[in-house]
Amino acid sequence: MTGELMSAEMAEQPDVLARVTARAAADFEAVRAVVPDPLAGVVFLARGSSDNAAVFGRYLAELRAGRPAGLAAPSLYTRYHATVDWRGHLVVALSQSGATPEIISTCRAMRAGGAVVLGITNDPGSPLADAVDLLLSTDAGPERAVPATKTVTAQLAVLVTVASALRASAADGTTGAAVGAPGGGTLGGLPGAVAGVLGDPGPVERLADRWRGLDRLVVAGRGLAYAAALETALKVKETTGILAEGISTADLLHGPIAAVYAGAPVLLVDGGGPADTDLDELRALLASRRAQAASLPVPPGLAEAVHVIAAITRGQQLAYELARVRHVDPDAPAHLSKVTATT
């Protein structure tokens, strides 16, 4: 087991996020300049970890803009060859590599249908640049470990800025900097919060040691924290081969709770927002079923969006530590490559 690449790239996140924060005001204005007027809705297009970032963006966009937001289905265009009227819509395409063929072709189809397409990638010279109206870079530097870490948290940070710009556009031209927009759309304190998580590995190390022999895991969160639950589960699957499922705390109660037996491990993700009211009730239910429920701390007093990004960093730590105690290499999981060329 090495994990040197993943460990190093996780450690770079405070610096990466500081760069994203520093240029947030410029990104804010660039997004405002291309948002359709009037804005009919926002749709997010992604796969893999980027799709989990898209879930985060979907919640933020609908909250901030007051317009419907959702997730695109690429197969509608690559397999069913749908023709859709996208006039008035903003499409936000997320791809770490900017090279996934189905993301590129779907961007082109949606743009041809009248959408304004915004791309977010770590490679501004990638094919995605030619398929969008505006490209924003995560500016995270090369990422060589297969499990994405710094590119994911950078995507989420960029999405906070995008959502802030949507709020301003929807409010008849209200202006303001993305780093200080109202309603939780702020990046203030983000680099420090992530640095705080990375500098405090003890809670994760203890939980990973306790769970070193598990073969499946439920990761549950709601609202913005749902994205953190999905991303944590994906990281655990990628790095260890453990069958982990990310799920909404509400959806867990609609049937899947039947599969949470005595001794079953459940990680509850606190999102620092109004959806956390579900967690106490769920903890009591899990205790009555004698499941192994656990949570991981993040620094207190954070805006909700920043809290969730810090929680995703905690999930990265857990995946890394579970790989370490199970003696597997998280840098290069079996049967996976850095770019998944789905079409």
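Just so you know, these numbers use all the heavy atoms, side chains as well, and skip hydrogens, waters and symmetry mates.
Leu128 has its side chain within reach of Cys107: a pair of non-hydrogen atoms, C-beta onward, lies under 4.5 Å apart. At least one side-chain heavy atom of Arg111 sits less than 4.5 Å from a side-chain heavy atom of Asp133. Between Val204 and Leu296, the closest side-chain pair of non-hydrogen atoms falls below 4.5 Å. No side-chain heavy atom of Thr277 sits under 4.5 Å from any side-chain heavy atom of Leu279. Residues Thr342 and Thr100 are in side-chain contact: their nearest non-hydrogen atoms beyond the backbone lie under 4.5 Å apart. The shortest side-chain heavy-atom distance between Val194 and Thr153 does not fall under the 4.5 Å cut-off. Side-chain contact between Pro274 and Glu304 is present, with at least one heavy-atom pair separated by less than 4.5 Å. Proximity of Met110 to His89: side-chain heavy atoms (C-beta onward) are nowhere separated by under 4.5 Å.
With hydrogens and angles ignored, the 3.5 Å screen pairs no side-chain donor or acceptor of Thr138 with any backbone N or O of Thr151. Proximity of a side-chain donor or acceptor of Asp85 to a complementary backbone N or O of Gly114 within less than 3.5 Å is not detected. Between the side chain of Glu143 and the main chain of Thr149, a donor-acceptor pair closer than 3.5 Å is present. Side-chain atoms of Ser7 never come within 3.5 Å of backbone atoms of Gly3 as a donor-acceptor pair (strictly under, hydrogens ignored). Using a distance-only test at 3.5 Å, with no hydrogens or angles considered, a donor-acceptor pair links the side chain of Ser105 to the main chain of Glu102. A donor-acceptor pair under 3.5 Å is absent between the side-chain atoms of Arg283 and the main chain of Ala293, judged by distance alone. Checked by atom type and distance alone, the side chain of Thr121 pairs as donor or acceptor with a backbone atom of Gln96 at under 3.5 Å. A donor-acceptor contact shorter than 3.5 Å links the side chain of Asp331 to the backbone of Leu5. In this structure, the side chain of Gln317 engages the main chain of Val197 through a donor-acceptor pair within 3.5 Å. Side-chain atoms of Glu231 do not come within 3.5 Å of backbone N or O of Asn52 as any donor-acceptor pair.
For Tyr261, the OH atom counts as densely surrounded, since its 6.0 Å shell holds more than 12 non-hydrogen atoms of other residues, nucleotides or ligands. Residue Glu281 qualifies as open at atom CD: its count of foreign heavy atoms under 6.0 Å is 12 or below.
Checked for salt-bridge contact, Asp209 and Arg212 meet the test: a charged N lies under 4.0 Å from a carboxylate O. Arg47 and Asp51 are not joined by a salt bridge, as no carboxylate oxygen comes within less than 4.0 angstrom of a charged side-chain nitrogen. We find that Lys150 and Glu9 are not joined by a salt bridge, their nearest charged nitrogen and carboxylate oxygen being 4.0 Å or further apart.
A distance of 8.0 Å separates CD in Glu245 from CG in Leu252, rounded to the nearest 0.5 Å. Rounded to the nearest 0.5 Å, atoms CG (Leu285) and CG (Leu282) are 6.0 Å apart. Put simply, CD1 on Ile247 and CD1 on Ile257 are 9.0 Å apart, with the number rounded to the nearest 0.5 Å. The CG atom of Leu76 lies 8.5 Å from the OG1 atom of Thr106; values are rounded to the nearest 0.5 Å. Of the inter-residue distances, the one linking Phe44 atom CZ with Leu60 atom CG reads 8.0 Å to the nearest 0.5 angstrom. Here the OG atom belonging to Ser49 is positioned 10.0 Å from the CG atom belonging to Leu156, to the nearest 0.5 angstrom.
A continuous path of ILVMFWY side-chain contacts below 4.5 Å connects Val160 to Leu230, so both sit in one hydrophobic cluster. In terms of hydrophobic clustering, with Ile, Leu, Val, Met, Phe, Trp and Tyr side chains grouped at heavy-atom distances under 4.5 Å, Leu39 and Val43 are assigned to different clusters. With hydrophobic clusters built from ILVMFWY side chains whose heavy atoms lie under 4.5 angstrom apart, Leu214 does not share a cluster with Val266. Linking Ile, Leu, Val, Met, Phe, Trp and Tyr residues whenever their side-chain heavy atoms come within less than 4.5 Å leaves Val260 and Trp211 in two separate clusters. Cluster membership check: Leu302 shares its hydrophobic cluster with Ile312, using side-chain heavy-atom separations under 4.5 Å among Ile, Leu, Val, Met, Phe, Trp and Tyr.
The shortest non-hydrogen separation linking Gln155 to Ser50 is NE2-OG, 3.0 Å. Of all non-hydrogen atoms in Val20 and Ala154, the two that sit nearest each other are CG2-CB, 4.3 Å. Val146 and Ala332 make their closest contact through CG2-CA, 4.3 Å (heavy atoms, listed as atom of the first residue, atom of the second, distance). Summarising the geometry of Ala225 relative to Gly271, their closest heavy-atom pair is CB-CA, 3.6 Å, with the distance given to 0.1 Å. Annotation for Pro124 and Ser137: closest pair CD-OG, 4.1 Å, computed over non-hydrogen atoms. Of all the heavy atoms in Leu166 and Ala65, the pair that sits closest is CB-CB, 3.8 Å.
Residues passing the salt bridge (Lys or Arg N to Asp or Glu O under 4.0 Å) test with Arg210, sequence neighbours excluded: none.
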List the steps and the verdict of side-chain contact (heavy atoms from CB on, under 4.5 Å) for Val158 and Arg23.
CA-CA 10 Å; Val158 172; Arg23 63 155 222 262; 3.8 Å; yes
Show the numbers, then the answer: is there a side-chain contact (heavy atoms from CB on, under 4.5 Å) between Leu94 and Leu159?
CA-CA 10 Å; Leu94 299 107; Leu159 286 171; 3.8 Å; yes
With side-chain contact (heavy atoms from CB on, under 4.5 Å) as the criterion, how do Thr239 and Met6 come out once you've worked through the C-alpha distance, each side chain's angles and the decisive distance to 0.1 Å?
CA-CA 10 Å; Thr239 58; Met6 184 177 179; 4.0 Å; yes
Please test Leu268 against Leu286 for side-chain contact (heavy atoms from CB on, under 4.5 Å), starting from the C-alpha separation and ending with a verdict.
CA-CA 11 Å; Leu268 299 175; Leu286 293 170; 4.2 Å; yes
Taking it one step at a time, do Arg314 and Asp200 satisfy salt bridge (Lys or Arg N to Asp or Glu O under 4.0 Å)?
CA-CA 10 Å; Arg314 274 293 188 214; Asp200 179 31; 3.1 Å; yes
Can you check side-chain hydrogen bond (donor to acceptor under 3.5 Å, both in side chains) on Asp270 and Ser295, steps first, answer last?
CA-CA 7 Å; Asp270 177 340; Ser295 296; over 6 Å; no
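Tested against Thr313 for a side chain to side chain contact (heavy atoms under 4.5 Å, CB included), the candidates Leu198, Leu17, Leu318 yield a single pass: Leu198. No option in Leu136, Val162, Ile120, Leu134 other than Leu136 meets the side chain to side chain contact (heavy atoms under 4.5 Å, CB included) test with Asp27.
Relative ring orientation between Tyr59 and Tyr226 is described as perpendicular, the plane-to-plane angle rising above 60° on a 0-90° scale split at 30° and 60°.
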